[in-house]
Amino acid sequence: MGNYFEMFFQALIESSDDFIYINDCQAGTFRYSPGLVELLPLPSEVLTNPLPIWKEIVHPDDWERFYNSNMAITNNLTDEHLVEFRACKRTGEYIWLRCKGRMRRDLNNKPLFFAGAMTLMGKQNKIDNLTQLLNHNEFYSSLEKFTQSEQIKTLAVIMIDIDDFSQINEIYGRDTGDQIITLLSNIIQSTLPTNATAYRLEKDKMGILMTNCKESEVEILYNNINDKLLLGPSRPFIQINFEVSAGCCMYPKNGKYKEELYLYTDYALQKAKKDGKNRLTFFEDKMLIERREELNLLYHLRQDLNNGCQNFSLNFQPQVDPNTKQIVGIEVLMRWKNENNVPVSPSIFIPIMEKYSLINQISNWLLTTTFQTTKKWIKDNPNLTISVNISAIQLLDYNFLHNLFTIIEAEDFPAQNLIIEMTESYAFKNIEPLKLIFDEIKTNKIKIALDDFGTGYSSLSELKHTPVDIVKIDKSFVKDVLTSDFDAHFIRLVTDICHTVDITVCLEGVETDAEYNFIKDMGIDYIQGCYFAKPMDTEAMEKLLYQNI
Ligand code: C2E
Ligand code: CA
Ligand code: CA
């Protein structure tokens with residue numbers, strides 16, 4: 001290729017987002033921009049007779065089109081070249097490319113050079129490169145088209161999203177995260193009825209538009225997707241369990257315009273997550289009020305966090321030995337008051353802090369305040385344990401452990417008296433990748449408690465392999481213990497099984513004399529509940545503790 005071509009080619013590459021190519025017809029060489037060689041398994045930037053190589057790269061279904069378009073140029077049937085095709089990337093996935101080119105001839109009509117550009121069609125606002133589903137823009141424009149069409153009487157707007165996807169990404173890495181997204185999109189694609197189309201909206205969120213359908217058809221679709229997630233044929237390739245939630249909004253019942261339909265579907269999806277995930281939730285008007293309240297809380301939480309954690313405080317609840325009624329431990333519970341000085345339940349504000357990534361901001365304050373407050377209590381009561389609640393999101397934050405150990409050292413806190421309570425979560429179920437984190441916690445003599453046991457993901461058989469030191473049986477089992485044989489047996493069984501693997505058992509939520517008398521001989525190691533003491537402030541806790549010693 002001559003010097004002139006070379007300079008021209010370089011200038012083009014440097015000034016374009018597309019992949020430029022040029023064919024020097026006299027030399028018979030093709031030259032591709034480096035970006036294309038990086039993307040596709042082309043052996044080098046300069047190739048002679050590249051067609052056999054392209055045959056390996058172009059999707060078999062698109063080969064004929066690709067070949068014919070090139071042959072039309074070679075055989076002087078046309079000077080224009082335009083073909084859209086799928087090409088296999090170096091990583092093995094297919095992407096859509098649009099190849100556009102033009103032949104230039106000399107004065108004698110002899111081919112001089114043939115040049116053009118290949119464009120990623122994903123970049124052209126149509127196709128998502130990872131999943132090959134239509135993308136977010138297409139979803140939005142279809143939504144507009146359907147809501148304006150005479151033929152469309154009803155439309156279900158659906159969003160599906162992988163539960164705890166950020167934890168999956170943290171634990172297994174982005175590549176596996178991408179594989180899971182692709183798997184889900186394949187499952188959705190293969191499950192859709194003919195009146196539905198799927199889109200990839202963002203990250204792990206997919207959209208589906210189903211025309212002229214009833215709510216029951218949406219339920220059937222969601223159930224079919226779920227069934228395939230459990231058993232589907234491509235399932236064996238990825239040995240990672242995951243579940244999905246979905247939100248749905250119906251046109252015209254819930255809204256007429258694309259903006260509101262989009263928003264309301266998202267609210268329904270968020271509600272599905274809030275209600276415990278792994279479910280399909282339909283939009284209802286009352287969600288708008290809940291949503292406004294949530295945003296208001298979020299605003300004030302953010303403000304207080306930025307103002308040195310003002311309006312946050314700590315409460316303490318004792319854990320007692322059921323036989324001696326002595327205090328053996330204390331659980332630290334976070335409190336927050338809103339702008340009207342009204343306490344908001346942590347079961348409301350903590351999920352919001354988790355959802356909007358605020359929870360990690362509070363960790364340092366929580367640990368520092370806890371250690372400063374309880375250090376003296378431990379000095380006077382050396383076996384006293386202090387339990388703090390740490391959510392999986394906090395634990396997976398890669399700064400968390402470092403901060404924890406730094407604060408322990410700075411405050412000179414005895415780590416062996418510390419217990420980290422974690423609720424059963426995705427992270428706990430898939431404990432293997434978390435082993436390193438748990439190992440580090442345990443090397444530093446800190447203990448781990450599995451909170452709210454019996455309500456979440458774990459099963460009894462998994463206890464054998466979990467690195468937990470303490471199991472806290474959820475308070476819902478005490479609620480009906482006097483009347484429900486199942487609950488009573490469950491508490492006894494969990495206690496016995498835990499003891500066989502040296503796990504300590506705590507029962508939460510003991511409220512009455514009758515409940516206490518019923519469970520006190522079950523062999524439970526310690527008990528926490530209003531029967532002994534409600535959560536209280538620092539002063540009250542200190543008073544009770546010093547009475548108790
Ligand atoms: P949890 O960890 O299961 O905490 C025990 C909850 O049970 C506390 O609710 C406590 O006040 C309540 N409780 C205590 N005794 C009884 C009883 O006899 N009967 C009944 N029905 N309830 C009782 P609280 O303080 O509202 O906290 C709710 C949840 O919020 C906690 O559940 C925990 O998951 C979360 N949480 C609280 N503080 C923190 C924190 O600092 N960090 C994190 N990540 N989560 C926290
Ligand atoms: Ca707890
Ligand atoms: Ca609990």
Side-chain angles (χ1 to χ4, degrees), residues 276 301 305 309 311-320 322 327 329-337 342-371 373-374 385-397 400 404 418-425 427-428 447-456 458 468-482 487 491 494 505-516 518-519 524 526-537 540-541:
L301 282 165
L305 281 170
C309 300
N311 295 321
F312 284 93
S313 63
L314 297 181
N315 261 5
F316 303 89
Q317 188 176 31
Q319 298 163 335
V320 302
I327 297 176
I330 292 173
E331 177 171 6
V332 181
L333 295 158
M334 203 166 1
R335 295 290 176 260
W336 178 66
K337 282 183 179 165
V342 178
V344 178
S345 163
S347 46
I348 292 177
F349 74 79
I350 285 177
I352 295 179
M353 293 191 22
E354 288 180 347
K355 185 169 154 189
Y356 295 96
S357 307
L358 301 177
I359 192 83
N360 291 320
Q361 279 187 43
I362 198 89
S363 302
N364 289 359
W365 174 85
L366 176 104
L367 294 170
T368 308
T369 316
T370 299
F371 296 163
T373 313
T374 61
T385 58
I386 303 295
S387 301
V388 290
N389 292 284
I390 301 294
S391 61
I393 296 174
Q394 286 170 284
L395 201 63
L396 287 167
D397 175 33
F400 177 78
L404 171 68
L418 182 65
I419 298 173
I420 287 182
E421 291 194 7
M422 255 186 81
T423 29
E424 300 175 80
S425 68
F428 239 110
K447 294 187 190 67
I448 301 167
L450 181 49
D451 208 352
D452 302 342
F453 185 80
T455 60
S458 305
V468 303
D469 305 282
I470 300 131
V471 159
K472 296 186 78 177
I473 300 175
D474 188 65
K475 49 182 172 286
S476 57
F477 292 95
V478 183
K479 210 172 118 250
D480 298 321
V481 75
L482 297 175
D487 290 356
I491 296 172
V494 171
V505 178
C506 171
L507 182 63
E508 285 192 284
V510 179
E511 290 180 357
T512 64
D513 210 21
E515 284 167 359
Y516 168 70
F518 189 82
I519 54 93
I524 297 156
Y526 53 92
I527 288 174
Q528 183 181 343
C530 299
Y531 175 63
F532 295 102
K534 287 187 176 150
M536 59 194 89
D537 65 16
M541 186 65 241

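If you read the sequence from its start, that first residue is 1, and numbering goes on from there. First listed ligand is number 1; within each ligand, the first listed atom is number 1. As the structure is a computational prediction, the values presented were derived from the model and not from experiment.
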List the atom of [X], the atom of [Y], and the distance in Å for their closest heavy-atom pair.
X	Y	result
I330	Q319	N-OE1, 3.8 Å
F316	M541	CB-CG, 3.5 Å
S476	D487	O-OD2, 4.0 Å

Regarding ligand 1, does [X] bring an N or O atom to under 3.5 Å of one of the ligand's N or O atoms?
X	result
G529	no
C530	yes
Y531	no
E354	no

Numbered atoms and elements of ligand 1 in range of [X], under 4.0 angstrom, heavy atoms:
X	answer
D451	1 (P), 2 (O), 3 (O)
L366	41 (O)
E508	3 (O), 5 (C)
D452	3 (O)
P535	11 (O)
E331	2 (O), 4 (O)
Q317	14 (C), 15 (N)
Q394	44 (N)

Q. Hey, is atom 34 (O) of ligand 1 touched by any protein heavy atom at less than 4.0 Å?
A.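 No, there is none.
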
Q. Do any non-hydrogen protein atoms sit less than 4.0 Å from atom 25 (O) of ligand 1?
A. yes

**Q.** Of the N, O or S atoms in D452, the one nearest the Ca ion (ligand 3)
**A.** OD1

Q | Atom nearest to the Ca ion (ligand 3) - E508, N, O or S atoms considered | A | OE1

Q: Take F477 and F453, measure what ring pair (Phe, Tyr, Trp, His ring centres under 6.0 Å) needs, and give me the verdict at the end.
A: CA-CA 10 Å; F477 292 95; F453 185 80; 8.1 Å; no

(Q) Heavy-atom distances under 4.0 Å decide this one: backbone, side chain, both or neither, for K479 against ligand 1? (A) neither

(Q) Once you restrict to heavy atoms under 4.0 Å, what part of I350 touches ligand 1? Side chain, backbone, both or neither. (A) side chain

Q: Evaluate whether atom NZ of K355 has more than 12 neighbouring non-hydrogen atoms of other residues, nucleotides or ligands under 6.0 angstrom away.
A: yes

Any [X] side-chain heavy atom under 4.5 Å of [Y] side chain:
X	Y	answer
Y531	T512	no
N315	D537	yes
C506	Q528	yes
F312	T369	no
S363	N360	yes
F400	I393	no
S391	M353	no

Q. Backbone or side chain, does E421 get an N/O/S atom under 3.0 Å to the Ca ion (ligand 3)?
A.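 For E421, the answer is no, given that no N, O or S atom comes within less than 3.0 Å of the Ca ion (ligand 3).
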
Among all protein heavy atoms, pick out the one at the shortest distance from [atom]; state its residue, atom name and that distance to 0.1 Å.
atom	result
atom 42 (N) of ligand 1	N389 O, 3.2 Å
atom 40 (C) of ligand 1	M334 CE, 3.6 Å
atom 7 (O) of ligand 1	K475 NZ, 3.1 Å
atom 20 (C) of ligand 1	E511 OE2, 3.2 Å
atom 28 (C) of ligand 1	P346 CG, 3.8 Å
atom 4 (O) of ligand 1	L333 CD2, 3.5 Å

Q. Where the side chain of N311 meets the backbone of W336, is there a donor-acceptor pair that is under 3.5 Å apart?
A.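 The answer is no, because no donor-acceptor pair under 3.5 Å joins these two groups.
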
Q) E515 side chain to E511 main-chain N or O, any donor-acceptor pair under 3.5 Å? A) yes

Q: Give the ring-plane orientation class for Y516 versus F532, where under 30° counts as parallel, over 60° as perpendicular and anything between as tilted.
A: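 Correct class here is perpendicular.
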
Q) If you measure from CG on D397 to CD1 on I359, what distance do you get to the nearest 0.5 Å? A) 11.0 Å

What do you reckon, does [X] put a non-hydrogen atom under 4.0 Å from ligand 1?
X	answer
Q528	no
R335	yes
T423	no

Q: Look at N389 and state whether any of its N, O or S atoms is less than 3.0 Å from the Ca ion (ligand 2).
A: yes

Q.
Using side-chain contact (heavy atoms from CB on, under 4.5 Å), reason through Y356 and L301 one step at a time and then give a plain yes or no.
A. CA-CA 10 Å; Y356 295 96; L301 282 165; over 6 Å; no

Q | Angle subtended at the Ca ion (ligand 2) by OD2 of D451 and OE2 of E331, nearest 10° | A | 180°

